Amino acid sequence: MLHVNERYVDETWDSQGHIVDYKYKYPENFNFAYDVVDEIAKAEPERRAMVWCNPEGEEHIFTYGDLKRYSDKTANMLRSKGIGKGDMVMVVLKRHYQFWFTILALHKLGAVIIPATFLLTKHDIVYRLNSASVKAVICTGQGDVAEHFDAAEPECPTWQIKLMVNGMRPGWEDFMAEMEKAPEAFDRVPTLASDPMILYFSSGTTGNPKMALHPFTYALGHLSTAKYWHNVDPEGLHLTIADTGWGKAVWGKLYGQMFMESCVFVYDFDKFHAADILDKVSQYGVTSLCCPPTMFRFFLQEDVKSWDLSKLTYCTIAGEALSPDVFNKWYEATGIKLMEGFGQTETTLLIANLVGMEPKPGSMGKPIPQYDVMIADEDGEPVQPGVTGEIVVKLDHGKPIGLFDCYYRDEKRTREAMHDGLYHTGDTAWMDEDGYYWYVGRTDDVIKSSGYRIGPFEIESVLAEHPAVLECAVTGVPDPLRGNVVKATIVLRPGFEASEALKKELQDHVKRETAPYKYPRVVEFVEELPKTVNGKIRRVAIRENDLKQKQ
């Protein structure tokens, strides 16, 4: 092994095996594709980098040598089409292995990749392509997303280049055919660590999506994700369940894992089935796993002990807050403690249960050394333990590695997020006496009812402990008397039926387990909750639907 990660970080550990501090170091021309992937490829070309498979039974094992070769060919192909440094390229490739060829190639060219989900419609596409002045689109031919791109094209004047993977439509070029024709030899394009590298559209509850722009140091900022949180084994196999259109993909399928010279497992599925994922974890010997708590809840609906999970040694969760119920049941079934972490599209990992820490079920953990994090009141002052406030990052010494540069072409929103020496996450939490952070919700998720500020997660955790509840989402609905009241939208476990009696039973359960004023005055039973493709519950969709019904 090269131990390439050690070139970029100075770290301090205590005698109990806890990471105490670390500082990044890097050259001014740092570029992940050249300085990490290609360096490993030169030293150990046959080292496994990615195991890819799909439900149809196809399988490919790519070495670091393969990734260098294919990313070089892809870079040559894209350059021949007119893509160069600073160009904006939208990539919609689900979990196709061509995503890895493409993102590394774009890094090598100094172009800016915009990963995007296959759930986009024409309206979404027009807004995104025009907002970022996108020059090229590399898109999957599976599903109907390419049809939406074709419908959007007449309204997108900057879009010039169209490449397709796994399918073909008129006007598009065949990515694989064009890539295979390209030469292998590729000379390094000069880039700086401060140059723009990746842009994500980040949606809030109001207004159009924001464009979070990250420089090349963003990749470096994820070394901590894999080394100190995922606890990635360089000789193991790591699985993060995320579509490449979402930020979580590069958190768990690329940067940190390859800094550790490890191998990522990619299962190119469309619809999540818990038993199917457990099959793959067992079959391929996945050693570390990261996915949202909701997915672990679905795993626990299966007979987990019937699978051979002996190679699985470490599990992490992110994307939404963890209920103690899930933590405890997964530990009972596997002997593995779920290590929660928290971050945003605009950041890398901010708060986590790092290697060596003893997790408190339901807590995000503690701020990591990479960022100077605190919980602040509305004036930006630190609050006392037990008091809910906003999670903020101090910027006294400049932007830490991993924090985004700006909201692209939006100075107003950038100033709203970064001002008075702080980056405002928009997420709320409280800290206990031991320094552990406990998530409350988005500042716009917090329910203000009769003068109380109520975080949805605490109520969701209590409801999740009831045997009738499979999953739930808590939101506020407008009320003329109280301002808002608490609503619980609930999916029941098999064998339970919605009824007024069950509704009252659940309300009484919440009253017993937490402050009575927090109980859900409105309860709705549904077949499923609205979610992102990664399984994260979309409370905003529930709120929007409630408002429509009141109109």
Side-chain angles (χ1 to χ4, degrees), residues 32-33 36-38 40-41 44-74 91-107 113 115 117-118 138-143 163-167 174-177 179-180 226 230 232-246 248-273 276-291 295 311-312 533-534:
F32 175 80
V36 178
V37 175
D38 283 6
I40 299 170
E44 294 186 79
E46 297 306 312
R47 188 174 189 82
R48 285 195 321 172
M50 176 167 62
V51 174
W52 177 96
C53 63
N54 66 15
E56 290 69 47
E58 294 179 77
E59 179 185 275
H60 294 284
I61 298 176
F62 296 99
T63 65
Y64 279 90
D66 292 331
L67 289 188
K68 180 184 187 310
R69 174 174 175 267
Y70 285 120
S71 62
D72 282 346
K73 287 173 69 68
T74 301
V91 177
V92 185
L93 288 179
K94 295 188 174 182
R95 296 173 176 85
H96 306 339
Y97 57 79
Q98 290 88 348
F99 175 83
W100 282 260
F101 304 168
T102 301
I103 191 170
L104 295 173
L106 292 172
H107 290 351
I113 183 172
T117 172
F118 61 90
I138 303 172
C139 184
T140 178
Q142 294 180 355
L163 289 158
M164 184 164 286
V165 172
N166 290 348
D174 186 322
F175 176 98
M176 288 299 287
M179 183 272 288
E180 291 290 6
H230 285 161
V232 165
D233 179 356
E235 305 304 326
L237 188 64
H238 177 79
L239 168 59
T240 286
I241 301 179
D243 174 86
T244 62
W246 302 90
K248 195 64 172 58
V250 297
W251 282 54
K253 293 177 180 285
L254 180 62
Y255 296 133
Q257 295 70 33
M258 293 189 183
F259 257 113
M260 297 302 295
E261 300 165 62
S262 188
C263 182
V264 296
F265 179 68
V266 180
Y267 181 41
D268 195 357
F269 67 93
D270 279 336
K271 188 168 178 58
F272 173 82
H273 295 287
D276 193 21
I277 299 299
L278 290 170
D279 283 343
K280 295 297 181 289
V281 171
S282 174
Q283 177 186 349
Y284 285 91
V286 169
T287 55
S288 52
L289 170 67
C290 183
C291 55
M295 290 189 177
K311 295 287 183 66
L312 184 64
V533 70
N534 284 338

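Everything numeric here is computed off the predicted structure, so don't read it as measured data.
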| Considering only heavy atoms from C-beta outward, does the side chain of Leu93 approach that of Ile138 to under 4.5 Å? | yes
Please tell me if the side chains of Trp100 and Lys253 come closer than 4.5 Å, counting only heavy atoms from C-beta onward. yes
Please evaluate residues His107 and Ile113 with respect to the criterion side-chain contact (heavy atoms from CB on, under 4.5 Å), reporting the C-alpha separation (whole Å), side-chain torsions for both, the decisive distance (0.1 Å), and the verdict.
CA-CA 8 Å; His107 290 351; Ile113 183 172; 4.2 Å; yes
So CE of Met179 and OG of Ser71: to nearest 0.5 Å the spacing works out to 10.0 Å
*asked:* If you count every heavy atom of other residues, nucleotides or ligands that lies below 6.0 Å from Lys311 atom NZ, does the total exceed 12?
replied: no
Heavy-atom nearest pair, Tyr267 first then Asn54, reads CE1-C, 3.7 Å
Hits for salt bridge (charged side-chain N to carboxylate O under 4.0 Å, His left out) against Asp174, two or more places apart or cross-chain, chain-then-number order -> none
Residues Thr63 and Pro45: closest non-hydrogen pair is OG1-O, 3.0 Å
Test side chain to side chain contact (heavy atoms under 4.5 Å, CB included), reference Leu312, set Val286, Leu239, Leu278, output is Val286
Practice task
Test side-chain hydrogen bond (donor to acceptor under 3.5 Å, both in side chains) on Asp279 and Gln283 and set out the steps.
Solution key: CA-CA 6 Å; Asp279 283 343; Gln283 177 186 349; over 6 Å; no
Checking Lys68 side chain against Asp38 main chain: does a donor-acceptor pair fall under 3.5 Å? no
Nearest heavy-atom contact between Ile277 and Phe269 is CD1-CE2, 3.8 Å
Fill in: Side chain proximity check, Glu58 to Trp52, heavy atoms < 4.5 angstrom
yes
| query | Tell me, do Gln142 and Phe118 make a side-chain contact under 4.5 Å, heavy atoms counted? | reply | no
Check: Under the side-chain contact (heavy atoms from CB on, under 4.5 Å) criterion, do Tyr97 and Val266 qualify, and how do the steps go?
Finding: CA-CA 8 Å; Tyr97 57 79; Val266 180; over 6 Å; no
In the structure I gave you, are the side-chain heavy atoms of Val91 and Leu106 within less than 4.5 Å of one another anywhere?
yes
Rounded to the nearest 0.5 Å, the OG1 atom of Thr74 sits from the CD atom of Gln98 at a distance of 9.0 Å
Worksheet item: Should the pair Arg47-Glu235 be classified as a salt bridge under the 4.0 Å nitrogen-to-oxygen rule?
Response: yes
Next on the checklist: We want to know whether Glu59 and Tyr284 form a side-chain donor-acceptor pair, criterion being a heavy-atom distance below 3.5 angstrom.
Outcome noted: yes
Shortest non-hydrogen pair, Val264 vs Gly252, comes out as CG1-O, 4.2 Å
Would you please indicate if the ring centroids of Phe259 and Tyr255 are separated by under 6.0 Å?
no
Residues Gln257 and Val250: closest non-hydrogen pair is OE1-O, 4.4 Å
query: After noting the C-alpha distance and the side-chain angles of Val281 and Phe265, does the key distance pass the side-chain contact (heavy atoms from CB on, under 4.5 Å) rule?
result: CA-CA 9 Å; Val281 171; Phe265 179 68; over 6 Å; no
Could you check if a side-chain atom of Ser288 sits within less than 4.5 angstrom of a side-chain atom of Asp233, using non-hydrogen atoms only? no
When Thr140, Thr117, Asn166, Asp270 are each screened for side-chain hydrogen bond (donor to acceptor under 3.5 Å, both in side chains) with Lys94, the one that passes is Asp270
Distance col, row Cys290:SG vs His238:NE2, nearest 0.5 angstrom, shows 5.5 Å
Closest non-hydrogen atoms of Met295 and Phe272, given as atom of the first, atom of the second and distance, are SD-CE1, 3.7 Å
Would a 4.5 Å heavy-atom cut-off, applied to side chains only, mark Glu44 and Glu261 as touching? yes
Evaluate Met50 against Tyr64 for side-chain contact (heavy atoms from CB on, under 4.5 Å), listing each step before the verdict.
CA-CA 8 Å; Met50 176 167 62; Tyr64 279 90; over 6 Å; no
